[in-house]
Each structure stands twice: as structure tokens, then as C-alpha cells.
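Sending over a structure as C-alpha cells; questions will come in a sec.
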Amino acid sequence: MNLLEKLNKNQREAVLHTEGPLLILAGAGSGKTRVITHRIAYLIEKGIRPYNIFAVTFTNKAAEEMKNRVMNIVGPEGNSVFIKTFHSAAAYILRRFGEAINITKNFTIYDMGDQEDLIKKILIDLKLDPKKIRPAMIASKISEIKDKEDYLEGVDPALLLPDYFAFNFAEVFDLYRNKMTENNALDFNDLLCQTVRLLRESKDSLKDMQRMWRYFMIDEYQDTNYSQYLIAKYLSSATKNLCVVGDDDQSIYSWRGADIKNILNFERDNENTKVITLEENYRSTKQILDAAYCVVQNNVNRKNKNIKSSRGDGENITWCIANNEYGEGEFVINNIISLKSREKLSNRDFAIFYRTNAQSRIFEDYLRREKIPYRIIGGMKFYDRKEIKDILAYLKFIVNPNDSISLFRIINTPVRGIGKASQDKISEIARSEGISEWTVIRDELMTGKVPKGLDDFKKIITALMNDLPEVPAQIKLSKFMTDIVEISGYRENLREENTLESSSRIDNINELINSIYDYEQSDLDATPEQFIQDISLYTSEQNPEEKHDCVTLMTVHNAKGLEFPVVFLTGMEENTFPHKFSIDTENGIEEERRLCYVGLTRAMDRIFITNAELRRNFMGTEYKTPSRFIDEIPREYMNMKSYISQMFNRESKFDERFETRPYIQNRDKFKQAASINKNENRNDPSDKIIISSEKKEPEKRESGSRFSLKESVVHPEFGVGKIIKIEGTGDNVKLTIDFGTKKRILLEKYAPLDKLN
DNA sequence: TTGAGGCTTTCAACA
DNA sequence: AAAGCCTCAA
């Protein structure tokens, strides 16, 4: 069978072992994905129906990739294999079977932002100060609890919550759960926890699923948490055909509740487990693999392995010490440029890794300056942009009118004169009557002074809700989204604003609608519910645009499962990587070290490790010592370099220039320097540097103002003044007027100004 | 009562 | 760099 031809002995054994529990311990680069995809193909070839196979991975990217590779081997019928992430599999199960435990199909998935908004409301209701008790902290504690075994085994959450003097955490937790139910919303943890509850409480649903799925494959098993462990266990309990794949050295999600015990105890938990180890590394050169291995061997809590490179010798690792973060950026970009010209490498062969998203900015600036296309995985995501979240909140709310978080996001967006006071009143009535906020608006239950915009809002939402049942059939989803943007007045509002920023927001909204159009092409029965779910869970890719030949920038976490010919592992400094929050505990350091191992083992041919001696963060500039992980790499594998920034040698003039002046001035200078020679391409939307510097210039022409620059005017309160700046157009004309003692910025539309005659 | 601009604070990794 | 609070104007 040619399916097995390309596999080594152990890989082949893993593919052929189809019945009963199977544990595959797969070191980095050992062809793990190949084994999984070939195993799926083999099952299908053996006559197993594709829809009987259930496979989950950790990221959407990996799931997509896996499906493509399966389809490459078996053809279009591979499309019916159930390949998803754990979270999207759980969401699928709950939408299909959730009614058995009173979860309605149209539930909304709350992301971290939605969660924090809700918690903030709860804190304010309890007369607690969200400034002192941070909603983000509460959210992460709640999430932590829900990942715990005790919580899933029915221990009272009040006993699991930390004790704080300032407030009653259990009360906040209860209110949070009640509100989530009222809003018909689930957070990321709920998707998993509620699936566990469903599998436990509805034997009928479980049976249905067990009839449907008979072979199970779980990728990245070392990063599963307790609820994921249970889901796999319950689903596979009928057939016991559970295959898990993982590597304890690559466990990097303990902060999300991942429990290494799941993989370490798999053998004990499942009788007759077959264990297969994949130790042959096909990805990296000997230097890279040995170096990575030397680092991870400093961990005490790990299983020892015997990993071999099948690729043999390659180039040494390059370690570069840069004087500051600019030097680091220049070093990386210079190496990309020179490698591209010396060897036949494309942009897509390069990846830049960093520990935290905030480190990406300087690399972006330099890449843009050199006009090298790049893409960022993670970070500030397309779907996190305000305008995108706003438009999606309309859709979410129309699908699920109990979703009060989305309601308050859109009720006054665009501005309709329904401010905080009015919103509070609506909440108050809803609470006292025990009904939803939307019912208050729909049935016009607000007494006293009702803002005039409220009726408009009601009409907008009602009109859209009436169209909703038609969406998958007659109206297309993309058409419906276009209606939302038009009917809500959102697009009109941005159009009137008429700034560079607002037009870029319009572009983003158009981009969203385009991506919805693509989405409905790929799935002709796409419902709004399905779409919302997919994007709520799909956050790893940034822009739907540009898929072409790009340098990839991402955090080390995001790099898991990927490989690149050339990797730059940057910011290798104590307190950056290892991160300062992990540095105090042994477990923390070990996880950082595994993360470093993951980063190093992504590289196929070459790896560059960089650290900056001086780095500016939001607090100020700090001297940094090289990461302890660099010390753990044997020197014979390394070539050392140092690099001093050609553009900003901060160190040389540190005292007089950087102690006193704010960072932003230096950044502006950098931006100016970066945009020199690039003026011919002013309309290139990728060139944000130029756009942002243009934005500051006052609009002089066509403002439509009845005044002109330097004209003298009279204000009843401020007296006589002189116009020193005119910005905006039409109703938005803003006048900056110097009244002698003080300067004021006034809107021409409202300001009671007269010409001085 | 709403909206806009200025000032202050704060900063991990992800589905 | 970005988000939240405070103050001022209409």
C-alpha cells in the first residue's frame, strides 16, 4: 500500500494500530501530523466512513491544515471527517444536542472582552470599584476555577475561590453565572464544561454521538485540561478507539489549565494501551536539535527521550547581542535581506518569534520600511477592531436578543443620544420587572424622559430581526451584514466623519463583508449563528487579506506545530524570556524552558537568537541580561555577533536625550527617518507611517467654514479671539481659537461665534 | 445629559 | 501604546 511507503517503522505501526487506546509520544519534528493524517486516510481506506472519525487539534490553523492534508490523500470525501479544535467541537455539540440540558441553539459565545464588560457591570451593581478590583483579574480567576477538576466534580465553587478581604468572590461568581444564563451566553470555559455536563446528564445525546463517532484522535494531548480529558474519555468510552498524540516537552499551556497528568497517566487510565514513540526528527539540522535538546534537558520534570536528527550537520546557530531593540530589529531585517539575495529564499521562509505581542512593533516598522510584506499571527486581531466588533455585536444581538453585552455595545453606536443615564434606566427597569433589556425597549416600558434616539434604535433592530429568518435562504448573509451596516447608520456615520481613520474603518468593514461573502461561498447553508461561532473561535489569523508571500511574525506560543527554514528567536533576555511573571517559581521556569524548546525546534535550517542590552518598555528603559536559556546552549554550536543600531544608538547619548525626552518624540523621528525615500507611494495603504504623520496636519481647504485662518471673532463668554487652526469639514468644522489668556477648540456648528467687525 | 479631548494608569502567553 | 476617568462645552 503506497499509503505506508513514506513512513518509518514506528510511524507505520502507529498508522496500522487502529483499534483500542493508542498513545503516540512524538518528539518535535518527528512527523506527528503525517502520522495523524495517514492514520485517518488508512481508516478510510479500510472502509471506515469518514464521518465516523473525530479528530481535534489545538488551533484552527492546525485543524485547517490537517483537513487539507487529509483531503490531499483521500480526496473530497476527506471533507466529511470531523476535524476541529476542542472549542469548536464543543460548540458544535452544544448547538446540536444542548437542548437536552436547556441550552438553546442561539447561544452567544463571549470572548474575553465581553466577559470583562459583564464582570464590570456586576461589580458596579455590587457597589464595588472596578478600578480596584480588576475585571480582568476576576475573569481569569473564574476561568481558572472552571478548568479545575474539583469544579467539574461538583465541589462548591465558593470553596475553590481565593479569599479576598475586599469583596465576596463567591457572590461575584454566582452573579456572573446567573447573568451568563440570562444572556444566553457561554464563555470559552463553558463550552467545554457544559459539554461535559451534557455528556454526563443526557445518555441519549451521548449515545447519538457515539453512534456517529467511532474513532478519536487528539493532537497536542499534553495541553489538554481536565474537561477536555473528560470529553475525550466519555465520547470514546463505547469503542475505546482513542488515539492521543503529544510531547511532554512541548507542554506550554498550564496557565490555561492544561494538565500534564493527562498524558503521563494515559497508559494507566486506559487498559491495553499501545505506546509508540517517534524519535526521529526530520525537520531540524543537528545543531538546532542538539541545542534545543540541551536546553530542555535542564528541566527536572520530564520523561527522558532519545531524539535523533536525520538531517545531519547544518550551520551553527547565530547568537547576536544588539545594543537595543532597534539594533535587534535592524539585525533581523538585514539578515532577511542578505539571506534572500545569497540563497533562493522567499519571504515565507522566514519567521520572527517573540515572547509577547508588544515586541512585534519594531520588526513591523523595519519590515515596512524595507517594503517586505509580512503577516502577524495573533496580537491585535482583525476581529478585535472596534468597528468589526461593533458590527458583529449587531449580528450577535439580532440572533440572541438576550445578549445584553452586545445590546449596550450597539445601543448608542453610532451616537443616537442614548447616553449612560438612559442606559442605566433601561437596565433598572429590566431588573425590577425581571425581563430582558430588549423587552423594555421593544415594549416601550421606559417612563419619564425617553431619549428620542431610542425609537430609532427599536425600529432598526426590529427591521433587521424581521429579516433574520430569511437569511440562509433568500437573503444572503453578506447581504444581511450590508443591511446592518446601512440600516444602523454605521457606515453613514463613518462617511460623515470623513477622516483618514474613518475611511480605514470603512475599508475594514468592507473587508469583513468580503470575508463573509467568501465564507458563504464555502458553505452555502451558512447561518448567522454558525458564522458568529466560527469567528468567535477563530482568532489566530489576523487579516483575511494577504495570504501571499509574507514574513511571519508571531509569539512563540502561536508557533507551536509550525516549521520554517529560518527562525529568529528574539528578545532572549531575563524577565522577557523567561517572562518576569514566571521567573520566581520552578514550574514557571520549566514551562518557559519548554516554550524556548518549542521556539528552537520550529527551525529547519537556520536559527538566529537575539537579545538587546537595553530595552524600552512602557515603564522606561531597562538594562537587560541575556536569557539563562542562551547559557544552556553549548558554545560549540554558536557563532556570536554583536550589532549596534545604525539608526538609534540610544546608549551613546542616553543621559541627555532619553532620560528627559518622552519616548514618543524619538519614535516620531524614527518614523520620519523610516518614511524617507518612500514618498512616491503615498497611497499605499500598507504604509501606515506616512498616513499617521499626515493625519496631524490641519485640513485647510474645503472645510466649508464661514471663517478663515487668522480671522478675528467674538465669543460671548471668552471675548475676542483669533482663529489659529481649522480642522474638519461641514458640520464637523473645529476651530482652534486663541482668546489671549487661553486657547479653545470649538465646534463651529454649536459655538456662538460672530465675526469681528 | 451627551460627547470630546486631556490626563493618568497600566501592560503574558490563547481558544 | 491603549484604555479609562475627569472636565468642559453645547
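Both backbone and side-chain heavy atoms feed into the values below; hydrogens, waters and symmetry mates do not. Just so it is clear: chains get the letters A, B, ... in the order the sequence lines come, proteins before strands, and each one is counted from 1.
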Position toward the 5' end of DNA chain B (nearest nucleotide), A/Pro451 or A/His557: A/Pro451
Tell whether A/Ser582 reaches the base of B/dA13 with its side chain through a donor-acceptor pair below 3.5 angstrom. no
Mind running side chain to side chain donor-acceptor pair (under 3.5 Å) on A/Tyr176 and A/Asp187 for me, showing each step along the way? CA-CA 11 Å; A/Tyr176 174 79; A/Asp187 62 30; 2.7 Å; yes
For A/Glu220 and B/dC14, what is the distance between atoms CD and C1' respectively, to the nearest whole Å?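 A/Glu220 atom CD is separated from B/dC14 atom C1' by 13 Å.
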Reckon A/Ser422 touches a base, only the sugar-phosphate, or nothing at all at heavy-atom distances under 4.0 Å? sugar-phosphate
Look at all strands and tell whether A/Lys420 reaches a base, only sugar-phosphate, or nothing, counting heavy atoms closer than 4.0 Å. sugar-phosphate
Looking at residues at least two apart in the chain, or sitting in another chain, which of them share a salt bridge (Lys or Arg N to Asp or Glu O under 4.0 Å) with A/Lys148? none
Do we count A/His579 as stacking onto B/dA12 if the rule is ring centres under 5.5 Å and planes under 30°? yes
Nucleotide B/dA13, atom C1' - distance to CD of A/Glu591 in whole Å: 9 Å
Tell me the interatomic distance from A/Ile377, atom CD1, to B/dA15, atom C1', rounded to whole angstroms.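 Distance, rounded to whole Å: 15 Å.
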Ignoring backbone atoms, establish whether A/Asn357 has a side-chain N or O less than 4.0 Å from OP1 or OP2 of B/dA13. yes
Please report the distance, rounded to the nearest Å, between CE in A/Met137 and P in B/dA12.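 Interatomic distance, CE of A/Met137 to P of B/dA12: 15 Å.
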Pairs in or reaching into residues 118-127 of chain A: which pass salt bridge (Lys or Arg N to Asp or Glu O under 4.0 Å), with residues at least two apart or in two chains? A/Asp125-A/Arg431
Grab the NZ-C1' distance between A/Lys425 and B/dT2 for me, whole Å please.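 Whole-Å distance recorded here is 15 Å.
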Within the distance-only criterion (no hydrogens, no angle test), does the side chain of A/Asn225 pair as donor or acceptor with the backbone N or O of A/Asp147 below 3.5 angstrom?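 No, because the side chain of A/Asn225 does not come within donor-acceptor range (under 3.5 Å) of the backbone of A/Asp147.
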From CE of A/Met112 over to P of C/dA3, roughly how many Å is that when rounded to an integer?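 Whole-Å distance recorded here is 13 Å.
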Intra- and inter-strand pairs of DNA chain B in dot-bracket (Watson-Crick or G-U wobble, both distances under 3.5 Å; | for another strand): ||||||||||.....
Using a heavy-atom distance cut-off of less than 4.0 Å, which residues of residues 250-260 of chain A contact DNA chain B?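 Contacts with DNA chain B under 4.0 Å: A/Tyr253, A/Trp255, A/Arg256.
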Identify, between A/Glu592 and A/Gly417, the residue whose nearest nucleotide on DNA chain B lies closer to the 5' end.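 The residue mapped nearer the 5' terminus is A/Gly417.
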Which one, B/dT1, B/dA12, B/dA15, comes nearest to the side chain of A/Ala421?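 Selected nucleotide: B/dT1.
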Touch class at under 4.0 angstrom, heavy-atom based, for A/Phe58 against every strand present: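 Result for A/Phe58 = sugar-phosphate.
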Carboxylate-amine/guanidinium contact A/Glu64 A/Lys67, below 4.0 Å: no
Has A/Lys425 got a side-chain atom pairing as donor or acceptor with A/Thr447's backbone, closer than 3.5 angstrom? yes
Establish, with yes or no, whether the OP1 or OP2 oxygen of B/dA15 is under 4.0 angstrom from a side-chain nitrogen or oxygen of A/Ser88.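 For A/Ser88, the contact criterion (side-chain N or O under 4.0 Å from OP1 or OP2 of B/dA15) is not met.
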Residue list, salt bridge (Lys or Arg N to Asp or Glu O under 4.0 Å) with A/Arg256, at least two apart or on another chain: none
Measure from the side-chain heavy atoms of A/Arg355 and tell me the nearest of B/dC14, B/dA13, C/dA1.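 The answer is B/dA13.
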Under a 3.5 Å distance rule, please check whether A/Ser251 uses its side chain to pair with a backbone N or O of A/Asp248 as donor and acceptor. no
With sequence neighbours left out, the residues meeting side-chain contact (heavy atoms from CB on, under 4.5 Å) with A/Asp456 are none
Could you check how far CD1 of A/Ile119 sits from P of C/dG4, rounded to whole Å? 14 Å
Taking any heavy-atom pair under 4.0 Å as a contact, classify A/Arg134: base, sugar-phosphate, or nothing.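 The residue A/Arg134 makes sugar-phosphate contact but no base contact.
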Between atom CD in A/Glu64 and atom C1' in B/dA15, what is the gap in whole Å? 15 Å
Using only atom types and a distance under 3.5 Å, with no angle test, would you say the side chain of A/Asn575 pairs donor to acceptor with the backbone of A/His579?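 Flag not set: sc A/Asn575 to bb A/His579 has no pair under 3.5 Å.
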Within the 4.0 Å heavy-atom criterion, would you say A/Asn189 contacts the bases, only the backbone, or no part of the nucleic acid? nothing
Please check if any side-chain donor atom of A/Asp259 sits under 3.5 Å from a side-chain acceptor atom of A/Tyr229, or the reverse.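 Their side chains do not contain a donor-acceptor pair, so the 3.5 Å distance test is not met.
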Distance test, side-chain N/O of A/Asn558 to OP1/OP2 of B/dC14, below 4.0 Å: yes
